[in-house]
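Inspection log for the structure reproduced underneath, given as structure tokens.
The basis for the numbers below is simple: all heavy atoms, side chains too, and nothing from hydrogens, waters or symmetry mates. For clarity, every value in this text was computed on a predicted model and none was experimentally measured.
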Amino acid sequence: MPKNILVISTSLRNHSNSEALADSFIEGAKEAGNTCEKITLKGKKLAFCQGCLACQETQQCVIADDALDIVEKMGKADVLVFATPIYYYEMSGQMKTLLDRANPMFPSDYAFREVYLLTSAAESAEYVPEQAVNGLQCWIDCFEKAKLAGTVFAGGVNDEGEIEGHPSLKTAYDMGKSIR
């Protein structure tokens, strides 16, 4: 049965390397017969979580911005995919803000069971994405029915389009294609 996959690109740069990973993942997932929607945070208005916890009662955030629609889609997706550049050895700030704003899903009957993380960075050392992976894993740990199903890291890419020909694009494609 095809899965409903939501891919969230968190880079604010045009033609970013992490978004190229997202596009490769989507291409593979669609080839496997899945339905994919990509949301980019570029141009979206996302305010910081206020920590009021009203969402735990209402399953709706009190802040009226673009996060409301994105979080609703996150809760309905079978698979979540986050694509982020690595800044200072961590996920982008806008990705962290979105994860915080996804708090209304915590007490809900969310659909997602698999979560993937696609990362890119100027540095290429293997340890570079570890904090981003750990940060997402800690978020996933709050959702008992979900698991981190896979990660892809493209190191040594900084400038726009520098990822072209990088082996991580095929890895992302193959990972997307493996979802059934």
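- Side-chain heavy atoms closer than 4.5 Å link hydrophobic residues (I, L, V, M, F, W, Y) into clusters, and following such links, possibly through other members, connects Val79 to Val152.
- Pairs engaging residues 135-163 under the salt bridge (Lys or Arg N to Asp or Glu O under 4.0 Å) rule: Asp109-Lys145 [sequence neighbours left out].
- Environment of CZ in Phe106: sparse, with no more than 12 heavy atoms of neighbouring residues, nucleotides or ligands closer than 6.0 Å.
- In terms of modelled atom types and a separation under 3.5 Å, the side chain of Asp78 and the main chain of Phe112 share no donor-acceptor contact.
- With a 4.5 Å cut-off on side-chain heavy atoms, Asn103 and Leu53 count as touching.
- At least one side-chain heavy atom of Ile39 sits less than 4.5 Å from a side-chain heavy atom of Lys73.
- In terms of heavy-atom proximity, Thr119 sits nearest to Pro129 at OG1-CB, 3.7 Å.
- Sequence neighbours left out, the pairs with a member in residues 9-19 that pass salt bridge (Lys or Arg N to Asp or Glu O under 4.0 Å) are Glu19-Lys38, Glu19-Lys42.
- Among residue pairs with one or both ends in residues 49-63, none qualify as side-chain hydrogen bond (donor to acceptor under 3.5 Å, both in side chains); sequence neighbours excluded.
- Scored by the side chain to side chain contact (heavy atoms under 4.5 Å, CB included) test, Ala20 finds Ile163, Leu169 as partners (sequence neighbours excluded).
- Among all heavy-atom pairs drawn from Pro107 and Cys55, the shortest one is CG-O, 4.5 Å.
- Contact of the Leu21 side chain with the Asn17 side chain is not registered, since no non-hydrogen atoms from C-beta on lie closer than 4.5 Å.
- The closest side-chain heavy-atom distance from Leu98 to Ile70 is below 4.5 Å.
- Scored by the salt bridge (charged side-chain N to carboxylate O under 4.0 Å, His left out) test, Asp66 finds no partners at all (sequence neighbours excluded).
- Residues satisfying the side-chain hydrogen bond (donor to acceptor under 3.5 Å, both in side chains) criterion with Asn4, sequence neighbours excluded, are absent altogether.
- Contacts of Thr10 classified as side-chain hydrogen bond (donor to acceptor under 3.5 Å, both in side chains), with partners at least two apart in sequence or in another chain: Thr84, Ser92.
- Remark: Phe153 engages no residue in a ring-ring contact (aromatic ring centres under 6.0 Å, His included) (not counting sequence neighbours).
- Between the side chain of Thr97 and the main chain of Gln94, no donor-acceptor pair closer than 3.5 Å is present.
- The two residues Met105 and Trp139 make their nearest non-hydrogen contact at CE-CZ2, 3.8 Å.
- In this structure, the side chain to side chain contact (heavy atoms under 4.5 Å, CB included) partners of Cys61, at least two apart in sequence or on a different chain, are Ile63, Leu68, Arg101, Pro104.
- Between Leu6 and Val81 there is no side-chain heavy-atom pair separated by less than 4.5 Å.
- Here salt bridge (Lys or Arg N to Asp or Glu O under 4.0 Å) pairs that include residues 113-130, with residues two or more places apart or in two chains, are Lys3-Glu114.
- Here side-chain hydrogen bond (donor to acceptor under 3.5 Å, both in side chains) pairs that include residues 25-36, with residues two or more places apart or in two chains, are Glu31-Tyr173, Glu31-Lys177.
- Taking both residues in full, the closest heavy atoms of Met74 and Ala102 are given as CE-CB, 4.0 Å, listed atom of the first, atom of the second, then distance.
- Every residue two or more places apart in sequence or in another chain that forms a side chain to side chain contact (heavy atoms under 4.5 Å, CB included) with Asp174 is listed here: Lys170.
- Residues Gln137 and Leu117 fail the side-chain proximity criterion, which asks for heavy atoms closer than 4.5 Å.
- Contact detail for Ser18 and Ser120: the closest heavy-atom pair is N-OG, 3.3 Å.
- Ring centers of Tyr116 and Phe82: at least 6.0 Å apart, outside the cut-off.
- You'll find the side chain of Val62 reaches within 4.5 Å of the side chain of Cys52, heavy atoms only.
- Looking at Val71 and Tyr110, their side chains never come closer than 4.5 Å, going by heavy atoms from C-beta outward.
- The hydrophobic cluster containing Ile8 does not contain Ile26, counting ILVMFWY residues as joined when their side-chain heavy atoms lie under 4.5 angstrom apart, directly or transitively.
- Ser16 places no side-chain N or O within donor-acceptor distance of the main-chain N or O of Leu12, the cut-off being under 3.5 Å.
- Taking both residues in full, the closest heavy atoms of Met95 and Leu41 are given as N-CD1, 4.4 Å, listed atom of the first, atom of the second, then distance.
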